[in-house]
Amino acid sequence: MKLYKNGIGATLCFTLFICLMGNSQSDWLIDNSKYKANVEQKEGKVILSNGLVSRTLVVAPDVATVDFKNLTTGEQMLRSIKPEAEVGIDGKTYAIGGLVGLKEHGYLLDKWIADLRADSGAFHYKDHFVKDIEPKIEWQGSTRYHTAKKKAPTGKELILSFEHSSDSLKGVVVNVHYEIYDGLPLLSKWLTVENQSKKTVTISSFKTEILAFPEMENPVETPKTWKKPNIHLESDYAFGGFTSGESDVTTFWESDPEYTSQVNWLMETPCLLISKLPVGPNAAIESEGIFETFHMFELLLDGNDRERNGLSVRKMYRTLAPWVTENPIFMHLTTTDPKQVKYAIDQCVETDYEMVILSFGSGLNMEDTTATNIEKFRKLADYAHERGIQLGGYSLFSSRKIDDSIDVIDKATGKPGGAKFGNAPCLASQWGYDYLHKINYFIDATGFDLLEHDGPYPGDYCASTEHAFHKGYEDSQWVQWNMTKDLYNDLRRKNVYLNAPDFYFLQGSNKCGIGYREVNWSLPREQQLVLGRQNIYDGTWQKAPSMAWTFVPLTEYHGGGEAATLEPLNAHLDAYEAHMVQNYGSGVQACYRGPRLYDTDRTKALVKERISHYKKYRNILNSDIIHLQRPNGRSWDGFMHVNPELPIKAYVMLFNPTSKPISETLKLPLYYTGLISKATVSEKEGASKVFDLNRNFNIEIPVVIPAESYTWLTVR
């Protein structure tokens, strides 16, 4: 039986498109080395381009974006001209640049641009300069865990300065920053406001981006859902979820009242992209002060293929946040008894683990900065370091109640409550400020290598007017996010590994949850395995394997009793091995939560064998995943790692949850391996066989997957 599954056909359509363009090695997802960022000025225009994306701005009579193009597909992303940004100062909103006088907003003719004029009420362009991109977060790079990539993003930054003619705004300068990156169809944008006046001004609101996109469909009546343009948008102002989509609070698709020629009868087409805060920031800038907005990222996509778009997003994360490529092997220890902690550390040494995390429920309290507590955990960290093991621990911030005077105040009721998790402390209270300093002090004083920060700031507003570090509701989210950002940036500077069940990757976090229902780990072991592979399959479309963790309940977690747990380990070696095979085989680390990694020599041998295998193939196992078939319990399931930069170009994992062997002729899509004509395949390090790639960069290979087991292949 031949397999044509899960969007592989769509991928092949794009592959054929690439082949028509030229050699597949010109694809930036395979080799992006030739796509260098450049900013040039000619004929009254400033052009940002890198061979994959271009954005063109005129500078007279004022600055305006007049062209925004996907150079891979030729798609024009712009239908009209809008201001480059907006800023609310002391309650009044001002456009930043832009041109007015356009009569038609459904399309744009170049000949119209010369007749447009500057907006008399706007901030006007004064000057610009270009420089190389500088790192946003100080990070020296890590040599830990072998897979870490130390290279910071490279490219060019364009800074345009704007001033206002009004006497009341004399000395206020708005800078619009653009970055274009080497090797990706990616731009970023943000604002800084400099207050060079003698008075304090308040930034009441801002819009970092206003772009008039062409509509993707033209229904006369308003549909229930709208198709969006081929672009991935997110900002580093993100919280409240395990994915960028769940965490996005700054991207707004709105209707354009100027677009009166649109087909939709009610003119409700959401074809105007606006990047802004939902509320606030209501931030005061004192004389000589500078205010900086969040950073918006615009990644142009070249089609609707889910796999290719996911590969694009994952490459973006690895470029912008190279720390996400770190991927230590860790266990979750359920005790802080010094004797037991040392015992676990010794087991890690014996099995070649790399990190111990003192888990929730272990008794660790990082808010306790007494000399006695610090000394206890400093000694344990010293012991771990002497044995070559990293040590870190868990702290809970949100989803708990502290005190009515400290907790988030609901705007609607004026009382505590209404937070994402019901009750939560306000980080901008004195308690919150002290909490952050205690965590930082504890890590520095003990020498901890990791913070697992549960319930990181999830985006709660606070209507209190009594808290020490925010004025009221309008500035509360902005202030709390900045406090969290400062902590995470500082941890990254100190090279402290950061697990956070939230989307703080662009602010310094290393890892987030893969996405799972916690109570599922109380289900019987057999169910956990298939559901776990579903979690991995579904959670790696936009996250690289190193960006996610999953879970393994060595001891009881959320109930389930003996049927759900692996202890005693020697009695459940089949399930223990199966968990390790699929987790390490995917490159997704799991929280192996319990008091020990092994209980007998036989268990120890199993763990050592699985870790040895993982480390042998670590680089390819931490490479991108191509999704072959989702687990459904009725047939095989599997995925494939690919990396054109490695000697092993692909590593395939295939699972059989059924009670009978499965024989298949598997079609492997090898386009993203970079292989052109031939592939050498080996099953479980056995004899190799050479296959010819067809015109779609596929090979067809017969496999037999044992009943209730797995097999794996390497491709060179």
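As the structure is a computational prediction, the values presented were derived from the model and not from experiment.
Summarising the local packing, CD of Glu526 is surrounded by 12 or fewer heavy atoms from other residues, nucleotides or ligands at distances under 6.0 Å.
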Passes salt bridge (Lys or Arg N to Asp or Glu O under 4.0 Å), Lys608 versus Glu350? Steps please. CA-CA 8 Å; Lys608 289 185 68 173; Glu350 289 295 315; 5.3 Å; no
Could you walk me through whether Asp624 and Arg318 pass the salt bridge (Lys or Arg N to Asp or Glu O under 4.0 Å) check? CA-CA 11 Å; Asp624 270 317; Arg318 291 196 301 269; 3.0 Å; yes
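Classified by interplanar angle (parallel below 30°, tilted 30° to 60°, perpendicular above 60°), the ring pair Phe639/His641 is perpendicular. Under the 30°/60° scheme for interplanar angles, the aromatic rings of Trp521 and Phe551 are found to be tilted.
Asp352 CG to Ile389 CD1: the interatomic distance, rounded to the nearest 0.5 Å, is 8.0 Å.
Proximity of Arg492 to Trp323: side-chain heavy atoms (C-beta onward) are separated by under 4.5 Å at one or more points. Put simply, the side chain of Phe691 does not reach to within 4.5 Å of the side chain of Lys678, judged on heavy atoms. For the pair Phe297/Leu233, no side-chain contact is recorded, criterion being any heavy-atom separation below 4.5 Å from C-beta on. In this structure, the side chains of Leu606 and Thr603 stay at 4.5 Å or more apart for every pair of heavy atoms. Residues Leu391 and Phe448 meet the side-chain proximity criterion, which asks for heavy atoms closer than 4.5 Å.
The salt bridge (charged side-chain N to carboxylate O under 4.0 Å, His left out) test applied to Asp454 returns no partner, not counting sequence neighbours. Residues passing the salt bridge (charged side-chain N to carboxylate O under 4.0 Å, His left out) test with Arg593: none are found, sequence neighbours excluded. Here Lys689 pairs with nothing under the salt bridge (charged side-chain N to carboxylate O under 4.0 Å, His left out) rule; sequence neighbours left out. Residues passing the ring pair (Phe, Tyr, Trp, His ring centres under 6.0 Å) test with Tyr584, sequence neighbours excluded: Tyr592, Tyr614. Every ring pair (Phe, Tyr, Trp, His ring centres under 6.0 Å) that Tyr488 has, sequence neighbours left out, goes to His453, Tyr504.
The residues Lys660 and Glu708 are annotated as not salt-bridged, no charged nitrogen and carboxylate oxygen being separated by less than 4.0 angstrom. Asp346 has a carboxylate O that lies under 4.0 Å from a charged side-chain N of Arg387, or vice versa, which qualifies the two as a salt bridge. Ion pairing between Asp27 and Arg308 holds under the 4.0 Å rule for side-chain N and carboxylate O. Taking the charged nitrogens against the carboxylate oxygens, Glu609 and Lys616 have no contact shorter than 4.0 Å, which rules out a salt bridge. Under 4.0 Å is where a charged nitrogen must lie from a carboxylate oxygen, and between Asp182 and Lys151 no such pair does. Residues Arg525 and Glu562 are paired through a salt bridge, judged by an N-O separation under 4.0 Å between the basic side chain and the carboxylate. Of the charged side-chain nitrogens involved, none lies within less than 4.0 Å of a carboxylate oxygen, so that Glu326 and Lys511 do not count as a salt-bridged pair. With salt bridges taken as basic N to acidic carboxylate O contacts below 4.0 Å, one links Asp538 and Arg630.
Tyr181 and Ser188 are linked by a side-chain donor-acceptor pair at a separation below 3.5 angstrom, with hydrogens and angles left out of the test. Gln534 and Tyr516 share no side-chain donor-acceptor pair at under 3.5 Å.
Closest approach of Ala564 and Gly559 over heavy atoms only: CB-O, 4.1 Å. When every heavy atom of Pro657 is checked against every heavy atom of Val530, the shortest pair comes out as CB-CG2, 4.2 Å. Minimum interatomic distance between Leu621 and Gly585 (heavy atoms only, all atoms of both residues): CD2-O, 3.3 Å. Taking every heavy atom of both residues into account, Glu664 and Ser635 meet most closely at OE2-OG, 4.4 Å.
Geometrically, Lys543 does not engage Phe505 in a cation-pi contact, judged by NZ or CZ lying under 6.0 Å from the ring centre and within 45° of the ring axis.
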Output a table of donor-acceptor pairs, distance under 3.5 Å, between side-chain atoms of residues 574-581 and any protein atom two or more places apart or on a different chain; print 'none' if there are none.
unit_1 : atom_1 : unit_2 : atom_2 : d
Tyr576 : OH     : Leu597 : O      : 2.8

